[in-house]
Structure formats: structure tokens, C-alpha cells
Amino acid sequence: MQKYSVFSLIKNALSNHKNWDLAWKDPTPKKEYDVVIIGGGGHGLATAYYLAKEHNITNVAIIEKGWIGGGNVGRNTTIIRSNYMHDDNALFSEFGMDLWRRMSQDLNYNVMFSPRGIINLAHSDAQMNTYARRGNSMRLNGIDAVLLNREEVKEIIPMADFSENVRFPIFGGLMQPSAGTARHDAVAWGYARQADDMGVDIIQNCEVIGFDVSAGKINGVRTSRGDIKAKKIGLCVAGSTNILAEKLNMTLPIETHLLQACVSEPVKPVLDKVVTFGAGHFYISQSDKGEMVMGGDLDGYNSYAQRGNLPTLQHVLTEGIAMMPFLSKLKMLRTWGGIMDMSMDGSPIIDKTHIEGLYLNCGWCYGGFKATPASGWTFAHTIAQDRVHELNSGYSLNRFNTGHLLDEKGLGTKTWIS
Amino acid sequence: MRSQNEFSYGGDASIKRPELGKDVSDKDWDNFVYNRKSLRGKHWELWQHVSGCRQWIKVERDTSTHEIFNTLKANEEISL
Amino acid sequence: MTQSFRLESGGLINRDKKISFKFNGKNYFGFEGDTLASALIANGVHLIGRSFKYHRPRGFFGAGVDEPYAIVQLYRNGETEPNIKATEQELFEGLEAKSVNCWPSVNFDVGAINNLLKIFLPAGFYYKTFMWPKSFWYKIYEPFIRKAAGLGTASIKHDKERYEHKYEYCDLLITGSGPSGLASAYSAAKNGAKVILAEDKSRFGGTLLTSEVNIGNQSGKEWADSIISELKEMPNVTVKNRSQVFGYYDHNMLVMSERISDHLPKTKKFHPKQRLWYIRAKEVLISSGSIERPIVFGNNDTPGVMLSSAAKEYLKVYGVLVGKKPLVFTNNDSGYETAIEFKKNGIDPIILDTRKEPQSEIIEEAKNMNINIKNSYVVVAAKGYKKVKSADIAKISDDKEKLGSIENIECDCICVSGFWTPTIHLASQSGNKTKFNKDIDAFVPGISKQNEKTLGAANGIYTLEETLKDSFEKGNLLSKKITNNENKVSFPNVVEKKSAVHDKFWCVPLPKGKNYKRFLDFQNDVAVSDIEIALKEGYRSIEHVKRYTTLGMATDQGKTSNLNGLQLVSKIENKVVPAVGHTTFRPPYSPISIGAIVGREVGKHSKPTRKSPMHSWHEKNNAVFVDAGVWLRPRYYKQGKENLFEASKREAKNVRTNVGVCDVTTLGKIDIKGPDAAELLNRVYTNAWLKLPVGKARYGVMLREDGIVLDDGTTTRISENHYHMTTTTAQAANVLSHLEYYLQLVWPELNVNVVSTTEQWAGAAIAGPKSRDLLQKLFPNSDVSNEGLPFMGYLEGDLFGVKARIFRISFSGELAYEVNVESDNGNFMWEKIIEFGQEFKIQPYGTEALSTLRIEMGHVAGSELDGRTIPYDNSLEGLLSKKKDFIGKRSLTREAFTAEDRQKIVGVVPLDKKTSIPEGSHLVKDSNAPLPNPKLGYISASCWSVEHDNPFSLAILKDGKNMIGEKLFVMSPLKNKVIPVQIVSSHYVDPKGERVRS
């Protein structure tokens, strides 16, 4: 494989960029694979990469209904963090942070991971205490966290509303300095390029029609491009989980919802941190291009439409201006929606299933992007070893039966309330 | 026609609560509390007119187009 | 400066009104009716800014919303706004604007070094480098890239402007006031339909303002003027200029942004800057016209290269010449119209037509005017850096692959026409699956999903006669469906020149040995070579191409670039254009102020503020308030120089020794009536309710179906079939919905009504050993003795003529009562309590003292009932009825919920009895254990126990039941604290509960 570097860039420039290799090939599916990963999003691509890299399993196909990286990895707000309260979530995410920190070098693809820090604003002492509980938990788990008072927050983000004319004054905030952002598309492409190089077949425009299951064992998958046999199949389809589960006669603790996001027109650097609002649900960061990247609440009802409604966006932006009044004068350039697999406790599922050889990776809610490397790594382990890794042992499917729930927000089963 | 802002969502309307006082298997109980089909296409769901008459209603809506086909009062049964 | 490019006469501007403005610090003049763009061009200014990536010079490309280049920083009335399109900004007296994306100046821009390095910066270059050393991306490379990007500068000052929202219903919403919009609006209005006609620009008429046509013996403009003035007079018609319909949402809801004050030097008093209209339309007619397509050639981004329709608009609307030596480069007849217009004004244009021998009326006219026309000719490259100085042109072979010898001709502008792209954004947003029309090489609307029809050029119809016919008819038909009227409008006689077929040509090949950048996306600097690289590297889906190269992702959202990008991909991939497919159109059509989207809910009004009827008393008595959801509650009443800690300790102590009064109005209150009310309570609460006597209250806990505690509170039986329920402040709305859910959907057979009465009652909690004595004074006619009103008893009393409800309930753990009166009498009640309480040393207490009192009593509240705990965790398992079923009971059998070492609430006291324990700390066995250090539990609430005069906390602790007496460590790494503690019972004061019964 061509190694990307400033030298390869110069060399190719001098030959008019005519000699760049394919980042990934476009093979026709083989009849049989050791492992088929369904879903060419970030998690699916990462899973295939780690199957090949960590477990030497390379007879692998990723099958994708549309184009790779077109799911939530291509439509998120690029936030990467491990500021969780529950141990299972925190340790899993912090493992992922390590993978993020060296991803560009590992993949030889600049994913532009920027540890610019995230601040969760607090608007009351009670909220400061809630954040203290989370931050102390992080620190005891070896994750960086700092509790900021009002003055400290003001120093870092003076454009937030510190005026008198504010409904919910800022009391302080919880900061994870090592959290940040990355270039979302590059993550998908970087994993795809390396997986392809190690022998993984990336098969786009290939839709799953059904499964071949007999005697409690998976044998293969039927697709729009023919039947494909497989010893093991991993499901990594985020917002389409419910649709494929139905084809497997499974009903999962998951609902499908729409999350909108939007960007403003680009402006010169003004906000260096990722910031979340504490008196509502709004988050913002500024991209390298200068656009303010903003998101908030779900649209609030089951949805597969990748188009959202304006009242939700209005509500989200209202909180945006409440937090940072200067946003008022910026213009909203682009909006989009992503389809979320909302689990019933807000935490994901990476587990085996009652069908032998079928593995499940879903329930990421709106936290899927940051989990891409850790999810791929642990899912690859679960598939390769046919047992869960300690890191994803808390993400079992049967926790909903046993009561070992991982509810970060305490909202329970009303998945549409975010 | 009322604005969507006046309503709040209540989830899958086809889920039936097991009767109080009756034995329920683990599986049935988990299906009631946690498991959802949440399919693409027609979906019967609950909405409450919270900023209005406070009635719960059942609405049949397409989850991919948001087209609304049918509405029922709270005490009317869905016929599938 | 003189307006050297302004014609002596002509245009629709008001030459009597001179307007002065500043650009990059220099003073200029324009006229009323100019845009900033037309005024700058009139003054010969063509260098406006620098491009995003290579910092190449940028001028003007269009004359309206499709403008990719002319983006400026605007200064208006002491405020500044980034990213204003000069082509849209109307000129006003005192306007100031500056170039963006350049440093130190637009003339000399250091960033332009990127232009010299451009061969090393192809599409995706940053994915391939800046990776070494590891930490350099965030610290070195990225900050540099961030600074270079971003166009304008955001002011971080608060926006003082006002934005409003308006809700409107109509029969027909018509988007655009060109020929199709006017005709359909007119015929629909004549049928009596309620019509809204929206025009994005300041002038109505669209292309009628610039085309040489004749309708009913009037010029296009005269006809447009007459129709508009007639429409304006009709009561059933709303006509709005400066109003863009930017979003088409579900159920025919469209959103329009009206720019009310942006064209004025400052917003008038009480006027909004912009107004957002939510319009629910029965039918929508999309008459948004089309946008001219560029032809791609070398250096086609040089200032002076612009759309030919824009050049015509500057001439006809503004009386401005975009150049004095124009070259018109066209593949269709539109370019001829521009050339003719130049010629009429004494300028000699040269037309390069890619077609071999086109023939039409317009071409004939041009020939008759002796315009120099070169057929089968193309512009190979524009020459000149900051402005076009000449053009390399060449003959092109019939197959359009080979160029003849290059000639250079002098020119100062190149007006390009590559035919027209229908503006299908709204149709696509509505869910219409668009289809590709080969005849016009563009997408047009297909089958409608909602009640929407597209007319005229937006539908790919480019002749005026057909457009008007279709539009009159559609307006008539759709309105007839709604109004049942039939007032046919007679169709006017239309005179227009017939056009020849356009040439399917859009990109000039590179001459041998030349490496000109041929731009597709002018703002993001995406060139043909970038798309070629993307495809070569396997980024083949149009979405991959777009994301890898950033094609169409600039602030113009690809209005002039998307289709040419598609053509290029389809050519290289050897696919037809529809097989490549276009990316989805989403709102907004063009960028919309976030302020306008949000409206009036800003600052203090971003969320409602709820205040109790006693609020002003609290204010007068130095209350310091705290937000409790949207409520404001007194946190403490400041005396002298007291701080929170001192004040709350004083207030709590006074409750324990004398008597205190606390405003509890914010507690949720639900009135429950009906013969089955007891049955309802019995089902939703975990404990038994069927035998509660009239005049008695009971504490209860409600669960969610998953077994987690939803809320707690007391409910009182007022009479046989009448109950009064209280909830926590936070859960009031959820509990009401919860009850309504079960009553309406699960148990419709229960005859019960519930209604929120939170706002109907004002509440005061009177607590402390002297509370009974005070109560007796307040209600001299009631028997409030321990026998007359025992613990959990209820009485109705007369508070000096005001009806009151008296509940003997206690959150503080002291002898306590809660008095409710109708809200209007709340202040009266409060003042009476204070007045009569003086002799018992009464003090008001706030939420902080309330917390202290409940914490040391071990009473749970929101920090324990955090949506993650079951009754056992809160030591509420005694309230779980074994005899009956209730909501959530089935879930309590789950393995984790019944585990031997299940978490449970405990009390925590520091060993030194001095060190306060921060809330949110965790409990560990070994404070020096390596990380991750296993956590046994967390501190949910802390106070200074006024009873014991030492710190006391509540904690939810693993195996809490067996931990009493254990010594552990409290750790708060955030505050650098490690505190050795002892675990005690959560009931730190009066564990037997004697006081409340005393």
C-alpha cells in the first residue's frame, strides 16, 4: 500500500496526482467468508480492521446497503469523550481514547483528532454536585476531569452568557481536557483503507434481504447481490438494527429515533472547546472549517426519516442562544438528521446472541461516533473469541432482564426524551 | 390542525400492559418493559395533547415519511 | 470615486437619491435601490475577497442568492455581521463593509501563498499528511488551518436586535414572483383563494425585470408592476418582498424568513430585524425559477468572470456595466440577450458560442446589430490575476474534444452562460423524488409527495408563453378546488423571441501542456482535478466525492456547482447523470439567521420563570433565590453579612428549636376525584390505599414500570371520593401524565378524574416545636391539638376569613404542618404566619435549610431518587405492599435488584467531626489503591447537622445494610480531598420519628 506522507504528496504532485492508489477496492462478493460484518459504518469498518489486525482473521466481508461511512459516522457532531459516570461506560470509553490518540498514525490517515477539551456547563449548585459525582468517578477511574468555577469557565469561554440578562446563570462546569473532536469521514475512510489492504472485502450497494439460520446457528446472509455464506456474522447497523432484528425474529430493547444537527456558516476561530449546555440539551463546537457544529434533543418520536422538523431545531437553537448569545447573528447553513438506535438505558449492547455465530453491536444512542475504535476492537474480540471481553462485559443484552442497567441519565425507557 | 409543539410523545401504542395481579413470565414482562419492534413504515403510537385537552390519543404514522393515516381515541382499540 | 461603470440612464434605481457607503475603508457612492454589489461594480470595484483554500482573488459571480464569491463583513448601526452576500445586501446610507478571509488586505493577502503551493494541496491532502510528530496536529498544524479558514468574523457581543415569529394559514403559498408566480397568484386570487406570494428579492417580477418580452401590449416589467399592484389591493392576498421561503416541512408546513430591517441603516423602534413565518398552506406553488449554470474553463474564478444573466441584471436593473470590453461565452441563446443589452448601451461585446451554426430570432437580432459572434469557440482560460485582462480562446472541434490554436483577445469581463438549472430545492425538501430531464441536462420535480406543484423555469419550462399558460391554469385549478369559484382570467397575448436548442457542453478541455485550474465550486476552490483525484482514489459515490473534495459544501451550498460536478463524475465514471444521483436538498434554501429561527425566547425569556404568590415578600426580605426547574425558590434569607452556610444553619436551627416557615407552593399538586380514586392510588402507589380514612394523609412512593422510583409525596383524602396528591417540584408534570396514561389507556374502566392544581394553591410549611402554638393562633376556631389534628391528619380551617387546608405532614422531621390557601390569598396567609409567628421567634427558611433538615432526618429527595434507585436503595422497602400488585412491582424481582449486597442509603460522618464532605464524592475502602479505584458508593447529599453540630451526609452505598459502623474513605479527587469517615444510620436525628407525632 502507498504510504501517505508529505513526501508521497510531493511525489504525486510532481506527477500531476495521476498515480494515487485506490483507497479501497470495489470487489464482487465471494460465496463464503469466515466473518461477514453487516454495516459499513464506522463501527463495522473498525470491527473488520481489528479482526484482521488483532486476530489475524482476514477472510472478512463488510456489506453495506449504500456507501461506506454513510451512516452516523458521516452525520454526527464529531465529539469524542470519556466523561461517563458508570464504570462500564467510563473504562470502555477511556480505552477508546487511547485508540483515538494514535489513530492517525495507526491508520496512516489523518483523522484530525483534536483533544480540545469538553466543558459541561452547570447552572446550579445541585448540578455542580451532579457533575462532581461524575467527575470524581472519572478521576477514580483514571480519566482526566476538572471542576471549574464560574470565573474559570469565563476565562475559557468568555462568549458564553455571563451577563445579567440570563435565565440560567453559569455556576461552573465539568471539563475533560483530553476530550475533543475528529474528522468523522476520515475515520471511516481510514479504517476502510487499512482493512481493505489487509484483505477485507468492502462491498457497497449490497442490501441484506434475509438470514440463513438453521438449528439455532447462523449459516449466511441473503443479499441483493446474492447469498453469502459465513461462519460468523456481526450486526453493526445502528439505526437499521430494528429492521434486521425483525428478519431474525428478534425484538430488542431498542427504538429508532432521529437526531438532528446543524452547522452555521463558517467564521474565524472563536470557540476552541466543545461545550454543552446544562439547563437543557445543546452542544456546540467549531470545526476546522469554521462552522459552528450544533446539536441537541431528538425529534422525539420514532423515525426513520433522515429529515427533521423545525420545532425541534428551533428548540435546540433557543438553548444555543441561551448559552451563547452571539450565535444569534450567525446563520444556519445546513441541517441534517441521523437515525439513532436508542437503547432502553442509554448504553450500548455488544454481545453474542441466542443464535450461534450471530453477534450484536447496537444501542449506541447518540454516542456512537466516539465509541468507534473501542466498539470495533471489542466487537472484533467478541466475534473472534466467541466470548465478550472484560471491556464490553457490561454491555450485555440480558442486563435488561437482570437489572444491571447502565442508565447515565436516569431517564429509563422513554428513549425519546433526551 | 394543531401544532406538534402542543403534543408529547408516548411510544408504541401496540404494547399492552399485562394485567395487574396476574402472573407474567420474565419474557412477557421484558417484552412489555423493554423490547420494541420500532419498525420502518406504519407505526401505531401514543401522543398526549399536553398543552391542550390532555387526552392521550393513538396515531398511526409512517416512521419514514411522517404521513398520518389514522387516529383513535385512548379507549378505542387498534385493529391491525 | 466616480461611478465610472454606471450608465448615464436606465435601471430601476433611484438616481435622485445618492447613498454613501464604505468598502475596506474607502468612501463610495451609489443610489437608492442598489445592492452593495451593484454599487461596487458601478465604482469599478471587482476585488471583493479571497477564496477559502487557495486565497485566490474573488469578485462577483452572480447578482443574488446564488453568489459564491462576494461575501463581506457588514457593519450596521454599531454592530457587525459576518458572511453577508454583497449581491443580496441592499445599500443604505452609512453602510460599511470589509473583505473577509484575507490578511493584511484583500489586495495583498499572505494566504495567497497557498495558491502557489496548490499542486501540493489537492483534494484530501490533509488526510495524507500533518500526522507527524503525533502531537503536532492539535498544537501546530490545526490552529494554523483553523485561522486560515472561516470567512468572516463573529462578534461575540449580544445581539440587541429583535426577531419575531408569525403563524399563518393560506390556501395557496406561491414562492417567487417571476412570471409563473405572478400568473398563478393572480388567477388563484381572482378565484377568491387566500394567497401568500413571497419574493426573495426587494423587487417583484423575477426575470420579467430583465427580459425583452411583451405581455398584453406591456413590457414584462410593466405587466409585473400592474399585476403586483392589483394583488396588493386584494384583501385575500398577502404579497411579501424580501421574503424567502427556505424550508418545506411535513404536512405542508413551510417556513419563510422576512428581512424587515436588514436594508435599513438601523432597525426602527419596536420593529423586528427579521420575521419568521410558519405557513401552513393547503397548496404550494413553487415558482422559484432557475439559476444560470457556469461553463467550466481555465482560471474561471478570476474576478470579472461572471454569469451572463448577472451581467444583464446589473445592466437592466442597476444601470451598471460589469465591464467595457465584455466577452460573452455561451452554449445557448441567453448569452445573446446579455450581449444585445451591452450593444444597446454602446458597448461592443464579442460572443463565443460553443454551437456550430445556431439559428434563432435572438441570434438574428444580434447579427443585425453587428455583434461579433464566433461560433464553435470557447474560452480556454481567463488571464489576469485580480481582474480579467484578456482571454485565451480557441476553436473547438465538433466532438468538443480538441482545441484549435490558442488566440488571446483583450477583454475586461467574461459573461458565461451554460444554460439553466431549475431551482428544485423546495420541491425536493417536500419529499418529491426529482427526475433528470435530458433535454435541459438538469433535475426537475417528479411526482409530488405533498400538495405541491412546480411551475415555469423551476419545472424546466423556459418559454414565457408556456410558463404563463401553465401558471394561470394551475392557479385557477388549485384555487377552484378550495373555493369552488370559477373566475377565469383571460390569457394575455405574449410576444417573446424563440430560442435555439442549447449545446450540451459544460467543460472546456485543457490545452496540451497547460494545467489551468478549472473550478467547479468557486467558494471552496474545488477544481476538476480534485474530482478526478477523488474518483481515482475510489471515492466514487457522489457523497464520497462531495465529502472528500468539499464540492457543494460552501455557503452557497452548490447552487452553481453541483450539477457541473455531477456531469463531471458521470463523464469519468461513464454513467448517466441520474445514476450518479444528487445529494439531498435540505432546508434552509439559503443560510438563515439563528436569531430569526429562535425568535423572542432569548435572554431571561429563553425559558419561562415561575414565581410563587409570595415571591415579592421573599424579595423584600432579602431572599436569595435558586432555580428549581423553571421555578424560583428562596434558597435562604440573608441577614447582614451572612453567607449561604451561616444563613441556612441559622434557619435550620431555628426550625429545630422554635418554628420556621417555608414556601412550598412549587410542590406539584394534583386533584383526584371519582368513585375509583382510591383504587387508582392503590395501583400507582406501592403501599396500600384502600383503607385510608377521610381526613387523613399518607406518604406514598410511585415506581416506573422498570421498578425505579418515579416520585414520592403525600396524598390526602379530602372527602369520600376526593383526594389531594402532592408530588415533588421536579416530577409534577411527569406524575400527572403518568396518571392520565393509566386512566385513559390502561384502566379506562376506572371512574376517576385528575387535574393539576399546582398553581391553584399557595403552600406554607410551618415546622418546629412551636408550630402547633402558632397554628392555634392562626386558627383559633379549629382544634389543632395532637388529638384534634394528629400526625398525618387533615383539617379545613378558617384563616381570618380565608378558607385554608391544613395538613399535618412533615418533611423536616419536626412537628410540622402545611397550610394551603387559594393562590390569590397566598401572600395574606404568609403575612399572617409571619405576624403571628413573631412571638414564637418564627423565621422563614429556604431550600438550603430545608435540605439540611431532611438530610439529617434521612428523608430522601431528588439526589437520591435520581432515576436509578429502587425503593430498597432508599430504605423505602417497608412501603412495598406484599398483598397487592402495583405499577412496577414485577420488575423488583430482577437479579440485580434483589442482590444480597444491593446498594442502600446510609449516613456518613467524618471521623474528625469537622471536615465537610463535598457532595458528589465517592466512598472507597482504600484511598491509596491504584486506579481505577473500586467505588463502593457516592455521597448524595451533605449538610451541617444542626442537631449534632457536625457534618453529616447521606450516601448510597453498596451493601449499605451491612456497612453501618464501618470506616471508609470519602474521596473527591476534583477537590483534592480524602476524608476518613464512619458509616452510620441514615436517620441521624430522631430515628424513632417521635417528634412528628409529638
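A note on names: the letters A, B, ... follow the listed sequences, proteins ahead of strands, and every chain is numbered from 1. This one's a predicted model, so the numbers in the text were calculated from it and none came from an experiment.
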Original post:
Any donor and acceptor pair, going by atom type alone, linking the side chain of C/Thr609 with main-chain N or O of A/Arg167 inside 3.5 Å?
Top reply: no
Original post:
Can you name the residues that form a side chain to side chain contact (heavy atoms under 4.5 Å, CB included) with C/Pro133, not counting sequence neighbours?
Top reply: C/Phe136, C/Tyr141
**OP:** Return the set of residues passing side chain to side chain contact (heavy atoms under 4.5 Å, CB included) with A/Thr130 (not counting sequence neighbours), or none when no residue passes.
**Re:** none
Which region of [X], side chain (C-beta onward) or backbone (N, CA, C, O), has a non-hydrogen atom less than 4.5 Å from a non-hydrogen atom of chain C, or is it both or neither?
X	answer
A/Leu91	side chain
A/Leu148	neither
A/Arg116	both
A/Arg102	both

Original post:
When only pairs under 4.5 Å are counted, which of A/Trp20, A/Tyr131, A/Phe7, A/Phe326 shares the most heavy-atom pairs with chain C?
Top reply: A/Trp20
Subject >> Leading residue by heavy atom contact count with chain A [cutoff under 4.5 Å; candidates C/Met553, C/Gln429, C/Lys128] >> reply: C/Lys128
Original post:
So do A/Arg133 and C/Glu919 actually touch side chain to side chain, heavy atoms under 4.5 Å?
Top reply: no
Original post:
Side chains of A/Val166 and C/His158: closer than 4.5 Å at any heavy-atom pair?
Top reply: no
Original post:
Quick one: CD1 on C/Ile597 to CG on A/Leu310, what's the gap to the nearest 0.5 Å?
Top reply: 6.5 Å
